[in-house]
Amino acid sequence: MNYNKKTVTDLDVKGKKVLLRCDFNVPQDKTTHAITDDKRIRAALPTIQYLLDQNAAVIACSHLGKPKGQVKPELTLAPVAQRLSELLGREVIFAADTIGPDAQVKAAALKPGQILLLENLRFDIGEEKNHPEFAKALADMAEIYVSDAFGTVHRAHASTAGVAAYLPAVSGFLIQKELEIMGGALNDPKRPFVAVLGGAKVSDKIGVINNLLEKADTIIIGGGMAYTFKKAQGYAIGTSLLEEDKIGYAKEMIAKAEAKDVKFLLPTDNLCAKEFSKDSEPVLVEGDIPEGLMGMDIGPKTVEDFCTAVKGAGTVVWNGPMGVFEFPAFAEGTRAMAKALAESGAITIVGGGDSAAAVEQLGFADKITHISTGGGASLEFLEGLELPGVACLLDK
Ligand code: AMP
């Protein structure tokens with residue numbers, strides 16, 4: 001896939017109406033609907049500010065939550081408009097619909113240097129279904145399309161891909177950075193290239209492991225998914241997470257790694273528990289895990305082996321925690337991995353979701369080269385899949 005795409009600085013946006021797809025899918029308090037973390041709004045500011053400085057008229061749009069084509073008042077983007085206005089220190093005009101009369105009138109009247117935010121795109125079923133009429137109605141409000149919502153580039157929706165059929169389409173600064181750093185790591189990594197994968201499920205990461213076996217020098221597997229691989233190697237795993245139907249695949253991957261001379265590291269010792277509970281007493285087990293115990297985190301020996309591999313790396317990509325890091329007694333493997341990445345001196349890339357949250361919570365975020373803003377999107381990126389929201393942008 002070509003990651004060398006035109007960006008917002010490659011087009012003349014001065015005085016133009018620009019449709020800007022943002023990712024304002026912010027977490028909200030369940031009862032008050034107040035925004036609990038405005039990181040995604042802040043992340044969009046550089047592109048918005050650039051466009052406004054260029055005197056473009058910015059028509060921003062986003063989804064929020066999963067209204068599934070219905071107007072759900074609790075999922076209105078109105079609070080985002082307000083927060084965005086505070087952060088920009090200027091008025092953000094808000095349209096009460098997406099392609100309806102209010103949006104049309106306000107978009108038509110929008111002046112250079114002004115910003116309008118449309119209502120939640122997913123209030124209209126045409127968004128997720130990528131209906132051409134919906135995409136065209138969005139496109140008709142503007143002259144240029146800028147995509148900066150990396151979290152949704154793996155979806156072929158009207159606002160993430162469909163609109164590019166009607167407007168010159170380029171990336172904003174957020175997507176540009178994702179493509180440069182993750183694309184660079186996949187196409188021409190500084191070696192050794194080490195991939196660290198964890199989390200609960202093998203099935204979520206099948207494509208990623210398969211693709212990275214073609215590119216990485218070392219693959220490290222921790223977290224709940226490691227136990228299916230251990231089982232495939234003939235070890236006892238007690239009551240640890242197991243995907244029985246993926247044992248064959250795990251064997252295949254281990255064999256592929258051998259054939260390709262890729263180092264494939266699995267846990268050799270584990271912190272186990274009798275029950276999946278934060279109050280469970282950690283029990284250190286080497287090798288076979290006996291019946292009645294489940295692997296909850298990697299053990300100290302494994303931590304050392306994994307961290308040694310990371311320390312010598314040129315590039316590290318990490319996706320998925322090494323254990324049940326939500327429980328303090330089983331967080332050490334994930335914490336040590338975050339620290340090893342932070343201190344490695346390598347180009348370090350952390351996929352979105354849990355591993356990004358762990359790196360942030362543990363205070364290592366500013367020592368990581370790049371924390372992806374998209375969980376699902378960054379996984380599909382690592383799988384080497386074509387991302388519709390990237391493929392639709394103009395090539396450089
Ligand atoms: P994922 O969404 O696939 O990245 O998985 C993240 C989740 O995996 C986290 O909530 C972790 O608690 C969980 N996890 C990590 N290691 C284990 C383990 N050994 N057993 C059960 N769950 C785990």
Side-chain angles (χ1 to χ4, degrees), residues 27 151 154 195-210 212 219-233 235-244 246 249-250 253 265-303 306 316-338 341 349-362 371-383:
H154 56 316
V196 184
L197 300 170
K201 280 186 166 165
V202 180
S203 41
D204 288 349
K205 307 221 162 98
I206 282 180
V208 177
I209 299 172
N210 203 21
L212 289 178
I219 294 188
I220 292 175
I221 309 250
M225 64 188 281
Y227 302 103
T228 300
F229 286 90
K230 291 300 282 184
K231 180 87 179 172
Q233 284 183 326
Y235 286 93
I237 60 163
T239 49
S240 306
L241 274 188
L242 170 66
E243 283 169 86
E244 195 90 54
K246 295 294 174 298
Y249 165 80
M253 291 302 104
L265 303 184
L266 289 164
T268 49
D269 62 347
N270 297 279
L271 282 190
C272 301
K274 283 198 181 114
E275 283 168 27
F276 188 85
S277 154
K278 73 173 181 12
D279 301 319
S280 281
E281 191 63 34
V283 183
L284 178 60
V285 177
E286 269 195 51
D288 288 308
I289 300 175
E291 242 350 281
L293 283 179
M294 63 179 77
M296 298 281 278
D297 193 12
I298 53 176
K301 221 169 153 179
T302 303
V303 166
F306 285 8
V316 188
V317 170
W318 180 22
N319 196 303
M322 295 290 96
V324 187
F325 74 106
E326 297 93 335
F327 301 164
F330 303 101
E332 179 52 26
T334 302
R335 198 196 71 82
M337 183 53 74
L341 256 76
I349 301 168
V350 175
D354 275 324
S355 21
V359 164
E360 274 157 21
Q361 266 169 38
L362 297 163
I371 300 179
S372 177
T373 50
S378 73
L379 268 187
E380 291 201 15
F381 204 123
L382 296 178
E383 279 185 70

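Numbers for residues simply follow the sequence, beginning at 1. Each ligand, and each atom within it, is numbered from 1 in the order the structure gives. Reckoned from all heavy atoms, side chains included, excluding hydrogens, waters and symmetry mates.
- Contact atoms of ligand 1 toward Gly295: 18 (C), 19 (N), 20 (N) (distance under 4.0 Å to a heavy atom of the residue).
- For atom 23 (C) of ligand 1, the closest non-hydrogen atom on the protein side is Val324 CG2, 3.6 Å.
- Considering backbone and side-chain N/O of Asn319, none are found under 3.5 Å from N/O of ligand 1.
- At under 3.5 Å, not a single nitrogen or oxygen of Phe276, backbone or side chain, sits near a nitrogen or oxygen of ligand 1.
- Closest of all the heavy-atom pairs between Ala336 and Val303 is CB-CG1, 3.5 Å.
- Residues Phe276 and Phe327 have side chains in contact (heavy-atom distance under 4.5 Å, counting atoms from C-beta outward).
- When side chains are defined from C-beta on, Glu243 does not count as touching Tyr249, because their heavy atoms never get closer than 4.5 Å.
- The side chain of Glu326, and not its backbone, has at least one atom closer than 4.0 Å to an atom of ligand 1 (non-hydrogen atoms only; side chain from C-beta on).
- Near Gly199, the atoms of ligand 1 lying under 4.0 angstrom from a non-hydrogen atom of the residue are 1 (P), 3 (O), 4 (O), 5 (O), 6 (C), 8 (O).
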From CA spacing to verdict: side chain to side chain contact (heavy atoms under 4.5 Å, CB included), Lys205, Leu379: CA-CA 8 Å; Lys205 307 221 162 98; Leu379 268 187; 4.0 Å; yes

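- Any N or O atom pair closer than 3.5 Å counts here, and Ala200 shares at least one such pair with ligand 1.
- With hydrogens left out, the protein atom closest to atom 15 (C) of ligand 1 is Gly323 O, 3.1 Å, a heavy atom.
- Checked against a 3.5 angstrom limit, the closest N/O atoms of Gly224 and ligand 1 fall inside it.
- Residue, atom and distance of the protein heavy atom nearest to atom 6 (C) of ligand 1 are Asp354 OD2, 2.9 Å.
- Shown in contact with Tyr227 at under 4.0 Å from a heavy atom are these atoms of ligand 1, numbered in order with element: 19 (N).
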Chi angles and distances behind the side chain to side chain contact (heavy atoms under 4.5 Å, CB included) call for Ile221, Ile209: CA-CA 10 Å; Ile221 309 250; Ile209 299 172; 3.9 Å; yes

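- At least one side-chain heavy atom of Asn210 sits under 4.5 Å from a side-chain heavy atom of Met253.
- Proximity of Leu241 to ligand 1, defined as any heavy-atom pair under 4.0 Å, is confined to the side chain (atoms from C-beta onward).
- When each atom of ligand 1 is checked for a heavy atom of Gly223 under 4.0 Å away, the hits are 16 (N), 19 (N).
- Applying the side chain to side chain contact (heavy atoms under 4.5 Å, CB included) rule to Ala273 yields the partners Ser280, Met296, Phe330; only residues at least two apart in sequence or on another chain are considered.
- Applying the 4.0 Å criterion to heavy atoms of Met296 picks out, from ligand 1, the atoms 19 (N).
- Using a 4.0 Å cut-off between heavy atoms, Met294 makes no contact with ligand 1 at all.
- Taking every heavy atom of both residues into account, Met337 and Val196 meet most closely at CE-CG1, 3.8 Å.
- Every atom of ligand 1 is numbered from 1 in the order shown, and the set under 4.0 Å from a heavy atom of Lys205 is 3 (O), 4 (O).
- Of the possible polar contacts, one joining the Asp269 side chain to the Thr302 backbone as a donor-acceptor pair under 3.5 Å is found.
- Listed for the Asn319 side chain is no donor-acceptor partner under 3.5 Å among the backbone atoms of Gly351.
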